[in-house]
Amino acid sequence: MDPQYQPDKIEREAQSHWQVTGAFRAVEDPSRPKYYCLSMFPYPSGKLHMGHVRNYTIGDVLTRYYRMRGRNVLQPMGWDAFGLPAENAAIANGQPPAQWTYENIAYMKRQLQSLGFALDWDRELATCDPNYYRWNQWLFLRMLEKGIVYKKTGVVNWDPVDQTVLANEQVIDGRGWRTGALIEKREIPMYYMRITAYAEELLAALDTLPGWPERVKLMQANWIGKSYGVNFAFPYELGGEKRAMRVFTTRADTVMGVTFCAVAAEHPLAEAAANRDAKVAAFVEECKRGSVMEADLATIEKQGVPTGIFVTHPLTSEQIEVWVGNYVLMGYGEGAVMGVPAHDERDFAFAKKYGLPITPVIDVGGKPFSTDAWQSWYADYGICVNSGKYDGLDYEAATDAIAADLRKLGLGDKQVQWRLRDWGISRQRYWGTPIPIVHCEACGDVPVPDDALPVVLPEDCVPDGSGNPLAKRADFVNAPCPRCGKPARRETDTMDTFVDSSWYYVRYCCADNPRSMVDERVAYWMAVDQYIGGIEHAILHLLYSRFWTKVMRDLGLMGMDEPFTNLLTQGMVLNEIFFRRAESGRITYYNPTEVELRTDEAGKRVGAVLKADGQPVDSDGIGTMSKSKNNGVDPQALIERYGADTARFFIIFASPPEDTLLWSDAGVEGASRFLRRLWGFACAQAQRIQLQHAQGTGSQFDWGNVAPAQREVRREVHLNLNKANYDLQRVQFNTVASATMKMLNALERLPATVEAGRGYAPSGTVYDRIVYEGMCILLRVLHPICPHITHVLWGELGFAGEIMNAPWPEVDELALEQDEIALVVQVNGKLRGEIRVPKDADRAAIERAALAHDTVRKHTEDKQVKKVVVVPGRLVNVVV
RNA sequence: GCCCGGGUGGCGAAACUGGUAGACGCAAGGGACUUAAAAUCCCUAGCCCGCAAGGGCGUGCAGGUUCGAUUCCUGCUCCGGGCACCA
């Protein structure tokens, strides 16, 4: 056995052993309980970053742990290979996205393999492979047939200089990232998936997911946003024509306080007003500038103009003026809102700004209302006042009465409203799944027949940032109409990449099937037992995946209702973001490894400079490691210097999986030291352990009369095994790593000789037994985290079989027992001392011992003891 | 702006269901070994007062509940994630 721990050597050997034996190939076996462990597949951005290492190490720990627990495990891997960065790379270096993507996949695959993950590479898939995305197209057509896919217009960011649609990320302060041009909103036709048809089920089924974090379920529930309210109309006349402006409100009890209404710039009323009033027209134009992002819309200053058009209040017949407001969204609800400034903060600010009347109609516990400044209680529920026949009613009664009256008038009724909107999947981009539609002048939008699938994306395009590259490809665009055969044009939009990731976990089960999207193997593996990925996917990706699962179920393709039984949302790996802004406004990001921090004499940070030119760079704070912010850290250097086991141990040890982790490699040294120490200890004990094998390990040993100093070490080992079991079950792995360190610390402290003559078992024999048992436990507990070193040591020390298939160790409950326990003594909650009592001491004896303690006596002697609280096994609190 | 999290020594963190705050590590200081360095091993360590015994303070801030609060409640503050075309 090599006295030196050489990670590069042993890791290479272990990995090639696993490869040769096909150790991680998953085979369906109905006789064994399966465990499908899935980590979110990576976007092939070029190199792995620490977030990937963290994500996949967590998944690997679970996979290897459950394998040792006897489950038939599947842990696959693939590539989320379509997307914007490939096109950006093409713009930057002229390389076709396909080539760039495949090169990145090859490099990152080698990186993943070097980390020793127990992945079944036979099931590898890439979403940019026609054999994968043809099923996106196939299912799209099924959804089209069912009416789940439909076409309508949607709003996009339009860069007027590049003549192209920009992603939200490419709009910076309302300007195009490359051109600096002011961005405009533009309406274009798009395909939508009717996720709102599943809103009710998506919301209700959250209750069937006990294995999901509460916070994720809460976020999804809020996102779906079911609200109960009243939808009603304000009638009006325009150009002699009778019409109605519909609004939705969750506060029908405040309808009597309406003093104005506001509509979105795209609302028909706004358009009508713009036609006859230049001021309105100018404002409507202004509203069209800027991005479509909700965060931007929510933070802009609320502005509006009066349209000069009045609508009739349905209950009071009062004339109410309609305004155009830049904060009203056409895409949400009716594109019009009622204004009740006395009880809605946004309306209040708007009314103050434009001098509109503010009429309180709700009394909240008699508190005095003033129009001077908004108070948060103005929005509270209360009793109607100033509301005519509704005076004195509470929220529910008033809502019922008002809804009933509106119903009688035929102007409105109660309605359930959803915040969730249908999912627009059309993207005006090249590197994505082609939408399988042909546009024919005679036949309209014609679906591509199934036998003509897949519609293959040409892989030699090099986008240049202007327009849509597919539209420029005559060989792609020109196609005969599938229906009439006349020349027609292919759809050039591609699908949102969230489509790709909405069902890839299904395809892993049958990735080699060229004839159908799913097969019977799906029923064996699905649902995913444990899904692991970043918290940033808490809403969109996870909601879309749940939606697709339900659609596939309703199409008869799968049986399950929900795709992911247990969800672990990994915290983000963060790093500082450094950048410079050029005069043109263009921003360049610099990797933290290229930046040097400047500090003053006291060690306080005073600035940061680029190592290359010594000139200052700005900090944009701390953020998730990403390609776009160039703040990722390549784990390669770490792996090469210390080995995969150290990298894995360190990232697991650094913090609990769900916590955010601010990257720093301080502490890697400690992980490496631990593994070297473990190797050294194993070397030193190898002969002794071999001897135990030779003597037969199956024989029972009587641990009853072992000297306390040795018994304490064995207790420590089993205590930490117990702790590791608990922490594995609650997915807190950092303390599992700690437990393995504590076990080694204990074994190293194990005394070889103890005081003789007390009838204890011979200390030399006990020493050998504890070391043998201790290493047998320690290696197995450590194996999921550090598979290579434990694989090798398991073999070197002569333990049977392969450690990856060894059964998980059992806690010996007797080893945990102690004769005497220590109790803490407090006086008035303050720690004053410690007493030792027999483990079965009764309450009275504990109280006596506590009151007899010197320090306790000092703090109680001139006072009256009111009460003594005894917490068994923990503490005694004397209250005076 | 809205929704969801988080804040504990110089640093990463631990603390089972309200019961000894700081386990396990990193960095640091002191020592041993060595011609020297690396590696390794031993010791110290939340902050303040004290030679010590001991005492006071301490889990972002301000309150509350409790014999007892990092843990429960209220308000605030800072940081992170999401906000529908980054993935």
Side-chain angles (χ1 to χ4, degrees), chain A residues 40 42-43 45 80 83-85 88 154 156-157 165-171 213-216 218-219 221-223 225 292-300 327 331 345-346 420-429 496-498 501 534-541 543-544 569 571-572 574 603 621-624 626-629 650 653-656 658-662 664 666-671 673-674 676-677 680 723 726-727 730 732 734-735 737-742 745 822-826 828-831 834 855 858 866-869 871 873-880:
Chain A
M40 289 180 185
Y43 179 80
S45 58
D80 189 13
L84 204 51
N88 293 340
V156 294
N157 300 304
V165 175
L166 295 184
N168 284 337
E169 164 182 80
Q170 297 171 315
V171 179
E214 284 306 318
R215 59 168 162 160
V216 173
L218 197 53
M219 279 191 262
N222 289 338
W223 183 262
V292 300
M293 289 168 71
E294 193 190 301
D296 290 343
L297 293 170
T299 48
I300 49 167
Y327 62 96
E345 185 169 8
R346 205 168 45 179
L420 182 68
R421 307 199 294 260
D422 277 337
W423 174 16
I425 59 143
S426 295
R427 296 290 179 271
Q428 298 68 46
R429 307 219 197 293
D496 181 4
T497 55
F498 273 125
S501 55
I535 181 67
E536 74 274 23
H537 294 294
I539 298 176
L540 292 179
H541 162 62
L543 194 63
Y544 292 147
T569 46
M572 312 256 56
L574 308 179
I622 303 213
T624 158
S626 74
K627 183 95 180 162
S628 59
K629 296 286 171 73
F650 172 63
F653 183 69
S655 89
E658 308 223 57
D659 285 14
T660 55
L661 173 59
L662 181 53
S664 154
V668 177
E669 207 47 71
R673 194 174 297 148
F674 167 63
R676 285 199 302 271
R677 208 147 57 81
K723 166 84 175 151
Y726 177 74
D727 289 338
R730 63 171 178 154
Q732 182 176 287
N734 55 327
T735 44
S738 294
T740 63
M741 286 176 142
K742 288 181 186 177
N745 288 348
L823 289 182
V824 157
V825 186
Q826 299 179 332
N828 282 352
K830 276 194 197 299
L831 179 67
E834 194 182 280
T855 322
K858 214 169 84 188
K866 279 201 265 184
K867 181 166 146 190
V868 180
V869 182
V871 182
R874 292 220 165 259
L875 56 68
V876 183
N877 189 12
V878 181
V879 185
V880 296

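Sequence lines set the chain letters: A, B, ... in the order given, protein chains first and strands last, and positions in each chain run from 1.
- Remark: B:rU77 base-pairs with B:rG7; criterion is Watson-Crick or G-U wobble with both hydrogen-bond distances under 3.5 Å.
- In this structure, A:Asn877 contributes its side chain and A:Val869 its backbone to no donor-acceptor pair below 3.5 Å.
- Comparing the same atom, P, in B:rG75 and in B:rU20 gives a spacing of 29 Å after rounding to whole Å.
- Nearest to the side chain of A:Leu540, among B:rC83, B:rA27, B:rC86, sits B:rC83.
- Toward the 5′ end of RNA chain B lies the nearest nucleotide of A:Pro656, the other residue of the pair A:Pro656 and A:Leu84 mapping further downstream.
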Start with the C-alpha gap between A:Met219 and A:Thr569, add the side-chain angles, then the distance that decides, and say whether side chain to side chain contact (heavy atoms under 4.5 Å, CB included) holds.
CA-CA 13 Å; A:Met219 279 191 262; A:Thr569 46; over 6 Å; no
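- Side-chain proximity of A:Tyr726 to B:rU17, B:rG25, B:rA15: nearest is B:rU17.
- When Watson-Crick and G-U wobble pairs are counted only if both distances are under 3.5 Å, B:rC47 pairs with B:rG56.
- Here the nucleotide nearest the side chain of A:Lys723, chosen from B:rG5, B:rC24, B:rA14, is B:rA14.
- Using the Watson-Crick or G-U wobble rule with both distances under 3.5 Å, B:rU40 pairs with B:rA32.
- Taking syn as a glycosidic angle within 90° of 0, B:rG56 does not qualify and is anti.
- On the P atoms, B:rC24 is 12 Å away from B:rU44, given to the nearest whole Å.
- With P as the reference atom, B:rA23 and B:rU8 are 16 Å apart, rounded to whole Å.
- In this structure, CE in A:Met293 is found 8.5 Å from CG in A:Asn157, a value given to the nearest 0.5 Å.
- Out of B:rA27, B:rU20, B:rA84, the shortest distance to the side chain of A:Val824 is found at B:rU20.
- Where A:Met219 and A:Asn734 each meet RNA chain B at their nearest nucleotide, the meeting point lying more 5' is that of A:Met219.
- Across all strands shown, A:Thr624 has heavy atoms under 4.0 Å from sugar-phosphate atoms exclusively, and none from any base.
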Derivation and outcome, side chain to side chain contact (heavy atoms under 4.5 Å, CB included), residues A:Phe498 and A:Trp423:
CA-CA 10 Å; A:Phe498 273 125; A:Trp423 174 16; 3.6 Å; yes
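- Each of B:rA23, B:rC26, B:rA21 was ranked by its minimum atom distance to the side chain of A:Leu831; first place goes to B:rA21.
- Spacing of C1' atoms, B:rC47 relative to B:rG58, comes out at 7 Å, to the nearest Å.
- Across all strands shown, B:rG1 is found opposite B:rC83 as a Watson-Crick or G-U wobble partner, with both distances under 3.5 Å.
- For the C1' atoms, the distance from B:rG46 to B:rA15 is 16 Å, rounded to whole Å.
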Assign a letter to each nucleotide of nucleotides 57-72 of chain B from its 5' end: B, base within under 4.0 Å of a protein heavy atom; S, sugar-phosphate only; -, no contact.
S---------BS----
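- Rounded to whole Å, the C1' atom of B:rC26 lies 34 Å from the corresponding atom of B:rA62.
- Proximity of a side-chain donor or acceptor of A:Asn828 to a complementary backbone N or O of A:Val880 within less than 3.5 Å is detected.
- Nucleotides B:rG81 and B:rA28 place their C1' atoms 35 Å apart, quoted to the nearest Å.
- Among the nucleotides B:rA84, B:rC83, B:rG55, the one closest to any side-chain atom of A:Met293 is B:rA84.
- For A:Ile622, whose side chain is taken as the heavy atoms from C-beta onward, the closest listed nucleotide among B:rU40, B:rG80, B:rA14 is B:rG80.
- When distances run from any side-chain atom of A:Arg421 to the nucleotides B:rC41, B:rA87, B:rA84, the shortest one goes to B:rA84.
- Atoms CG and CG, on A:Leu420 and A:Asn222 in that order, are 12.5 Å from each other to the nearest 0.5 Å.
- Using N1 to N3 plus N6-O4 or O6-N4 for Watson-Crick, or N1-O2 and O6-N3 for G-U wobble, each under 3.5 Å, B:rC24 pairs with B:rG12.
- The A:Ser738 side chain lies nearest to B:rA23 when the options are B:rA15, B:rA23, B:rA13.
- Looking at A:Thr735 and A:Tyr726, their side chains never come closer than 4.5 Å, going by heavy atoms from C-beta outward.
- A donor-acceptor pair is defined here as one N or O able to donate and one able to accept, closer than 3.5 Å; no such pair exists between the side chain of A:Asp727 and the backbone of A:Asn734.
- With a 4.5 Å cut-off on side-chain heavy atoms, A:Leu875 and A:Leu823 do not count as touching.
- Nearest to the side-chain atoms of A:Pro85 among the listed nucleotides B:rG81, B:rG25, B:rA87 stands B:rA87.
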